[in-house]
There are 2 protein chains.
Amino acid sequence: MIQSPLEMRHLQTLVALADTGSLSRAAERVFVTQSALSHQLKLLEGHYGSPLFERGTKPLRFTQAGARLLALARQVRELTAEAEREVAQWVGGGGGQLRVAVECHTCFDWLMPAMDAFREHWPQVELDLVSGFQAEPISLVETGAADFAVVHDRPAPRAGVATAPLFTYETVAILSRKHPLAQKPWLSPQDFAGETLISYPVEDDMLDVVRHFLAPAGVKPKRRNAELTVAILQLVASGRGIAALPAWSVQAYLERGYVVAKPLGESGLRCELYAAMPESLAEKPYLQDFVAKIREGA
Amino acid sequence: MIQSPLEMRHLQTLVALADTGSLSRAAERVFVTQSALSHQLKLLEGHYGSPLFERGTKPLRFTQAGARLLALARQVRELTAEAEREVAQWVGGGGGQLRVAVECHTCFDWLMPAMDAFREHWPQVELDLVSGFQAEPISLVETGAADFAVVHDRPAPRAGVATAPLFTYETVAILSRKHPLAQKPWLSPQDFAGETLISYPVEDDMLDVVRHFLAPAGVKPKRRNAELTVAILQLVASGRGIAALPAWSVQAYLERGYVVAKPLGESGLRCELYAAMPESLAEKPYLQDFVAKIREGA
DNA sequence: ACTGGATCATGAATTTCTCTCAACAAAACC
DNA sequence: GGTTTTGTTGAGAGAAATTCATGATCCAGT
């Protein structure tokens with residue numbers, strides 16, 4: 001065994017690097033500054049006497065050495081997670097329940113894979129979805145009706161409720177390619193004034209656009225609803241109005257040129273997603289694992 | 001992936017714990033204080049909510065959780081070492097030579113397994129033994145005639161020569177069961193006065209006993225030589241004299257009651273083994289790995 | 001049961017490291 | 001060519017692991 005400076009955090013970094021394709025995004029993923037990663041990698045590369053990836057390519061490309069260490073990282077992470085799950089199930093008795101409350105429709109896109117992975121790894125934990133569309137999800141946690149809520153922005157601290165950041169994303173305006181506003185580099189709230197906002201059938205203040213973009217500017221466009229993301233896009237493409245969705249949820253359609261996306265405001269509208277859990281459960285390994293799975297997007 | 005406090009150092013600790021069977025010996029093995037390990041393990045056990053091994057049994061017994069993590073540790077260490085060897089061979093070109101000089105006969109007992117493992121892992125490195133029995137091994141390194149020397153005690157720093165601690169051991173006196181001195185709890189230098197010292201055919205000052213025990217007290221017993229450890233034991237058992245050998249090298253014979261061992265001095269004679277290497281090579285991964293293999297005893 | 005020695009635990013202080021911060025360099029992108 | 005994104009670097013702050021000193025516990029041998 002070579003005494004090496006390789007630590008778990010380096011393995012996490014490598015995986016995040018491969019998953020995100022850039023230093024700065026990898027830094028977000030592991031909740032440190034990109035400066036930290038730069039230092040980390042400099043040290044590693046110094047130790048191995050070789051660069052681990054080519055900088056300045058998008059996405060970055062690993063060198064042979066980097067790729068080998070990345071493979072190691074994936075193996076080790078997998079093995080470690082497995083061992084720790086086993087131990088946790090012996091120690092914790094294996095039981096438990098996890099009732100998930102969600103307030104945003106698009107969340108299901110990433111929630112489903114995470115839930116699937118979870119079910120496989122924690123078969124003894126009862127996993128349920130409780131609708132969060134009527135009540136505020138966080139109050140469901142507070143009252144004990146849910147064990148896990150996905151909420152927007154950092155929630156105000158409440159007694160008995162722990163929170164953890166999940167990830168951030170950008171919500172963008174979606175327009176038909178032929179829409180007049182498609183010429184602008186970005187959209188202002190006023191641009192929505194005469195338009196129809198196409199969205200999921202939820203309350204106004206459950207929508208990122210309304211809460212953080214339109215409402216502050218006093219703009220209240222007409223609304224039209226659709227249950228499914230594809231349906232919304234259909235309406236947008238046929239010129240029935242504008243939508244506002246998380247950038248990643250429409251990635252595929254943008255690449256095909258089906259519709260176009262525009263930032264909301266000059267610097268875009270970034271939204272943060274947080275998890276809220278009962279403090280009594282926050283330390284449970286299966287809950288922490290669930291959070292981790294969501295962060296990794298699987 | 002559960003975000004866990006499990007770090008590489010913890011895995012090293014677990015393996016050392018299993019190999020040595022006690023906290024304090026494991027601490028020696030990883031070159032930290034026993035206190036450090038105690039803290040480490042307390043943290044780990046706190047995290048997993050379960051003890052990892054039963055204390056106060058000799059050797060210690062792992063719990064189910066501890067055993068699982070130990071298995072993980074072994075896996076991860078193996079995978080990591082393998083990956084790093086590959087990377088090192090790509091980066092370093094794979095070549096190199098390793099000429100080993102040794103000054104003590106018993107060293108071969110642990111050197112051979114280490115060399116065997118090394119040959120397997122670094123097939124491209126030329127591994128040779130150069131006799132260190134005529135010259136002082138460390139000067140062979142200094143003159144460039146050897147790349148690796150095993151020496152006693154911490155060597156005085158020399159220009160261009162790097163040193164690294166290998167391990168410590170106790171050398172004990174070996175007597176026939178019927179020998180009068182076998183009644184004493186420990187032997188003083190004076191006890192050797194009228195006796196015959198049976199040892200390997202090397203200079204006086206190459207023997208731990210002489211250099212650190214007898215010579216300082218001005219005692220110079222008669223000497224009689226044998227090439228092989230078994231031969232020495234033979235002579236001892238038949239009452240021809242006393243030997244002084246590393247405790248671990250005669251372990252098997254002691255258990256069978258073939259001979260008896262006595263500490264040299266009231267608190268025993270502990271010897272330290274060091275490696276001396278050219279500074280220019282000290283950082284080479286294959287050299288560090290060789291050191292590591294020796295420390296692990298394989 | 002008592003004593004001596006070895007093994008392990010604990011708390012405070014220190015050292016060691018990593019991270020962040022802030023300013024800079026280098027690309028990339030209009 | 002300016003402007004924005006992305007990565008680098010050095011210094012300082014903060015956290016965490018280690019050591020040191022000491023106390024508790026356990027086992028062996030009488």
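Proteins come first, then strands; the chains are lettered A, B, ... in the order of their sequence lines, and each starts at number 1.
Residues passing the side chain to side chain donor-acceptor pair (under 3.5 Å) test with A/Arg61 are A/Glu54, sequence neighbours excluded. Every residue two or more places apart in sequence or in another chain that forms a salt bridge (Lys or Arg N to Asp or Glu O under 4.0 Å) with B/Glu45 is listed here: B/Arg55. Applying the side chain to side chain donor-acceptor pair (under 3.5 Å) rule to B/Thr33 yields no partners; only residues at least two apart in sequence or on another chain are considered. The side chain to side chain donor-acceptor pair (under 3.5 Å) search around A/Glu170 returns none, not counting sequence neighbours. In this view, A/Asp109 satisfies the salt bridge (Lys or Arg N to Asp or Glu O under 4.0 Å) rule with no residue, not counting sequence neighbours.
If you measure from atom CG of A/Leu41 to atom P of C/dC19, you get 11 Å, rounded to the nearest angstrom. Rounded to an integer number of Å, the gap from CH2 of B/Trp186 to C1' of C/dG5 is 16 Å. Rounded to an integer number of Å, the gap from CD of A/Glu45 to P of D/dT9 is 10 Å. In this structure, A/Lys42 atom NZ and D/dT6 atom C1' are separated by 17 Å, rounded to whole Å. Regarding B/Leu37, its CG atom lies at a distance of 14 Å from the P atom of C/dT7, rounded to whole Å. Atom pair A/Glu7:CD and C/dT16:C1' shows a separation of 14 Å (rounding to whole Å applied). We find that NE2 of B/His39 is positioned 15 Å from P of C/dT14, with the value rounded to whole Å. Rounded to an integer number of Å, the gap from CG of B/Leu43 to P of D/dA15 is 16 Å.
In terms of phosphate contacts, B/Gln40 brings a side-chain nitrogen or oxygen within less than 4.0 Å of OP1 or OP2 of D/dT18.
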Could you list all N or O pairs between the protein and nucleotides 24-30 of chain D that sit under 3.5 Å apart?
unit_1, atom_1, unit_2, atom_2, d
D/dC27, OP1, B/Gly56, O, 3.2

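Residues from residues 20-36 of chain B that place a heavy atom under 4.0 Å from any atom of DNA chain C, listed by number: B/Ser22, B/Leu23, B/Ser24, B/Arg25, B/Gln34, B/Ser35.
Look at B/Arg77 and B/Glu82 and you find no salt bridge, because none of the NZ, NE, NH1 or NH2 atoms lies under 4.0 Å from a carboxylate O.
Pairs engaging residues 171-187 of chain B under the salt bridge (charged side-chain N to carboxylate O under 4.0 Å, His left out) rule: B/Lys184-B/Asp191 [sequence neighbours left out]. Residue pairs meeting the salt bridge (charged side-chain N to carboxylate O under 4.0 Å, His left out) criterion with at least one partner in residues 25-42 of chain A, sequence neighbours excluded, are A/Asp19-A/Arg29.
Between B/Leu72 and B/Arg68 the shortest side-chain heavy-atom distance falls below 4.5 Å.
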